[in-house]
Protein chains: 2
Amino acid sequence: MGAVLPAPREEPTVSVKHALLSLLEQEPMYGYQLRQEFESRTGGTWPLNVGQVYTTLTRLERDGLVEAAGEDEDGHERWRLTESGHEEVATWFTTPVARTQPPRDELAIKLALAVTVPGVDVGTLIQRQRSASMTALQDYTRLKRQAGAETSPARADLAWGLVLDSLVFAAEAEIRWLDHCETRLRRAAVQDAGTTTAARSAPTSEMAPASASVDRRKGARR
Amino acid sequence: MGAVLPAPREEPTVSVKHALLSLLEQEPMYGYQLRQEFESRTGGTWPLNVGQVYTTLTRLERDGLVEAAGEDEDGHERWRLTESGHEEVATWFTTPVARTQPPRDELAIKLALAVTVPGVDVGTLIQRQRSASMTALQDYTRLKRQAGAETSPARADLAWGLVLDSLVFAAEAEIRWLDHCETRLRRAAVQDAGTTTAARSAPTSEMAPASASVDRRKGARR
DNA sequence: TCGCAGTGCCTACCCGGTATGTACCGACCG
DNA sequence: CGGTCGGTACATACCGGGTAGGCACTGCGA
């Protein structure tokens, strides 16, 4: 095996690394402060272990993206971006996240295996998951109401609100997908049982409502 | 800043472990075969490195969930589930995936930081991401058409179709969320510029269409 | 005064994930 | 017929993400 193109080296979805870098873009900070800033902006949705902040910082220093910036008045070792660190942040914000290699979706994997492995009650699996996702969705909307009730529309609260919305949208999509799977499986079961010639009846028109909702907003192109 | 999501220390989303276990539920297999079965069921959406299969298998053996089942006629070391392995699979399929600790969403993190860190052009960021997600969505639908053209609706193809649908639904939700963020940010900017008393005008009514879409499906049953 | 909660930092450890190396075998090919 | 290419099959080294847990200091209330 000769000359296999020197490995494009796809980075494995390092979100924390870039998050810390972009926080340092604002101003030099020390480790614990970085964790607090991250959590305040994301509303504690993805709790960040402090230890990881320090290990990530040392790795970033090793890679020449951050450097020590002396201590502040309280003796905290602060970090600042290097020149290449600034560039890294700029490219991160200008290039979209690649969907070529989507992260493992446990629910999708579970359902794919459930329908292929014999002896699994897929129907109740879907129902159980649906109600779980539904309660999660209700939790999110309740949190949203609480957050909306607060008076100060600071920038951090705006970000936290957007994050919450992303959770809501994802949960809604999950529920829609579960319903979609249910009808699809029911149809497949029927087609399995009655081996009649009833096929060819409008194949794959199940996605219509969601797709229409997307297209409506965008001036109807595609 | 009150109102934080509760964090009840869940296991770190080990999808591969349970995937291998549920494949072994069907019949004893050897390492390479497990990888092939997994990829055929998920259509190569999440390529599974062979090495991880072996390391995971040794860990599962250490934890008493699988055990060696001798060699097949070709000399392949096969693995079978133990009693607790069967139980593990059963509980995995009966308990829904917990959304209490959702996996890190790089796009949400990026946008949350983009709106809080000064000097980031959030508008073009959203636009770029939108078109990227849009092309990904088109790729998925194209793949769907190809998969739909094939004649044999085997169980593995059914699973692969469902996985593809989940990608489609997720991409659509992402696009809707981006549009949502855009209008929300525009409104916030307007409210920032004109510090008039124009507030209190129907707060948080942006989610209506998506929520309605979910509820509509739900009205018919359940 | 003790405890205790919060702030702040560090290290050991595990696990997921990838790259890489090895070996065997059949097919294709000059 | 020898070569080599690609697929099958397994094993291991390595790294980065992520967590647990320990240490130290400070302020505050019982």
Side-chain angles (χ1 to χ4, degrees), chain A residues 1-21 29-40 44-63 65 68 71-79 101-106 109, chain B residues 1 4 7-21 28-40 42 44-63 65 68 71-79 101-106 109:
Chain A
M1 174 157 330
V4 193
L5 286 180
R9 192 69 180 159
E10 202 78 25
E11 34 188 317
T13 58
V14 276
S15 40
V16 176
K17 164 184 163 186
H18 289 107
L20 298 189
L21 286 177
M29 298 181 186
Y30 54 92
Y32 200 85
Q33 189 182 4
L34 280 168
R35 180 215 187 194
Q36 287 180 141
E37 291 292 329
F38 179 84
E39 297 219 344
S40 84
T45 307
W46 301 288
L48 180 57
N49 191 293
V50 197
Q52 192 177 353
V53 175
Y54 300 111
T55 55
T56 307
L57 279 175
T58 60
R59 258 176 254 136
L60 290 174
E61 187 185 25
R62 179 202 59 188
D63 298 342
L65 299 177
E71 307 183 345
D72 66 355
E73 59 278 4
D74 293 328
H76 299 139
E77 185 68 20
R78 286 195 301 180
W79 299 86
Q101 199 54 58
R104 297 260 162 83
D105 183 349
E106 177 162 10
I109 292 175
Chain B
M1 163 110 19
V4 180
R9 65 171 65 246
E10 204 69 25
E11 38 185 314
T13 61
V14 276
S15 41
V16 176
K17 164 185 161 187
H18 290 107
L20 297 190
L21 286 178
M29 299 183 185
Y30 55 91
Y32 200 86
Q33 188 182 4
L34 281 167
R35 180 216 186 194
Q36 287 180 142
E37 291 292 329
F38 179 85
E39 297 219 344
S40 85
T42 56
T45 309
W46 303 286
L48 181 57
N49 191 292
V50 196
Q52 191 176 354
V53 175
Y54 300 111
T55 56
T56 307
L57 278 175
T58 60
R59 259 177 252 137
L60 289 174
E61 187 185 26
R62 179 202 58 188
D63 299 343
L65 298 176
E71 307 184 345
D72 66 354
E73 60 279 3
D74 294 329
H76 299 138
E77 185 68 21
R78 285 195 301 180
W79 299 87
Q101 200 54 59
R104 297 259 162 85
D105 181 351
E106 176 161 12
I109 291 175

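All chains are named by letter (A, B, ...) in the order of the sequence lines, taking the proteins before the strands, and each is independently numbered beginning at 1.
- One can place CD of E77(A) at 18 Å from P of dC25(D), the figure rounded to the nearest angstrom.
- The side chain of Y32(B) places no N or O atom within less than 4.0 Å of a non-bridging phosphate oxygen (OP1 or OP2) of dC10(D).
- At a threshold of 4.0 angstrom between heavy atoms, the contacts of G51(A) include nucleobase atoms, whether or not backbone atoms are also involved.
- In this entry the distance linking CZ of R104(A) with P of dC15(C) reads 17 Å, nearest Å.
- For R35(A), no side-chain nitrogen or oxygen approaches OP1 or OP2 of dG8(C) to under 4.0 Å.
- Residue R62(B) is the one, among V50(B) and R62(B), whose nearest nucleotide of DNA chain C lies closer to the 5' end (criterion: closest heavy atom).
- Each of Q36(B) and T55(B) was matched to the nucleotide of DNA chain D holding its nearest heavy atom; the match closer to the 5' end belongs to Q36(B).
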Could you give me the CA-CA distance, side-chain angles and deciding distance for V16(B) and F38(B), then say whether side chain to side chain contact (heavy atoms under 4.5 Å, CB included) is met?
CA-CA 9 Å; V16(B) 176; F38(B) 179 85; 5.9 Å; no
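- Comparing dG18(D), dA9(D), dG16(D) by their nearest atom to the side chain of H76(B) picks out dA9(D).
- In terms of heavy-atom proximity, E77(B) sits nearest to Y30(B) at O-CB, 3.1 Å.
- Side chain of D63(B) to main chain of L65(B): no donor-acceptor pair is present (N/O by atom type, distance under 3.5 Å, no hydrogens or angles).
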Stepwise side chain to side chain contact (heavy atoms under 4.5 Å, CB included) check, H18(B) with I109(A)
CA-CA 9 Å; H18(B) 290 107; I109(A) 292 175; over 6 Å; no
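- When rounded to the nearest whole Å, the span between CG of L34(B) and P of dT8(D) equals 15 Å.
- Look at CD on E61(B): it is 15 Å from C1' on dC10(D), rounded to the nearest Å.
- As rounded to whole Å, 16 Å separates atom C1' of dA9(D) from atom CE of M29(B).
- One can place CG of L20(A) at 11 Å from P of dG18(D), the figure rounded to the nearest angstrom.
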Take Y54(A) and T58(A) through the side chain to side chain contact (heavy atoms under 4.5 Å, CB included) test and state the conclusion after the steps.
CA-CA 6 Å; Y54(A) 300 111; T58(A) 60; 5.6 Å; no
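- Contact between the side-chain N/O atoms of Y54(B) and the OP1/OP2 oxygens of dA11(D) is not found at any separation under 4.0 Å.
- Rounded to whole angstrom, the span from the CD atom of Q52(B) across to the P atom of dG16(D) amounts to 17 Å.
- Put simply, CG on L48(B) is 12 Å from C1' on dT18(C), counting in whole angstrom units.
- The side chain of Y30(A) has dC9(C) as its nearest neighbour among dG17(C), dC9(C), dG16(D).
- Picking from dG16(D), dA20(D), dC10(D) the nucleotide with the shortest atom distance to the side chain of N49(A) gives dA20(D).
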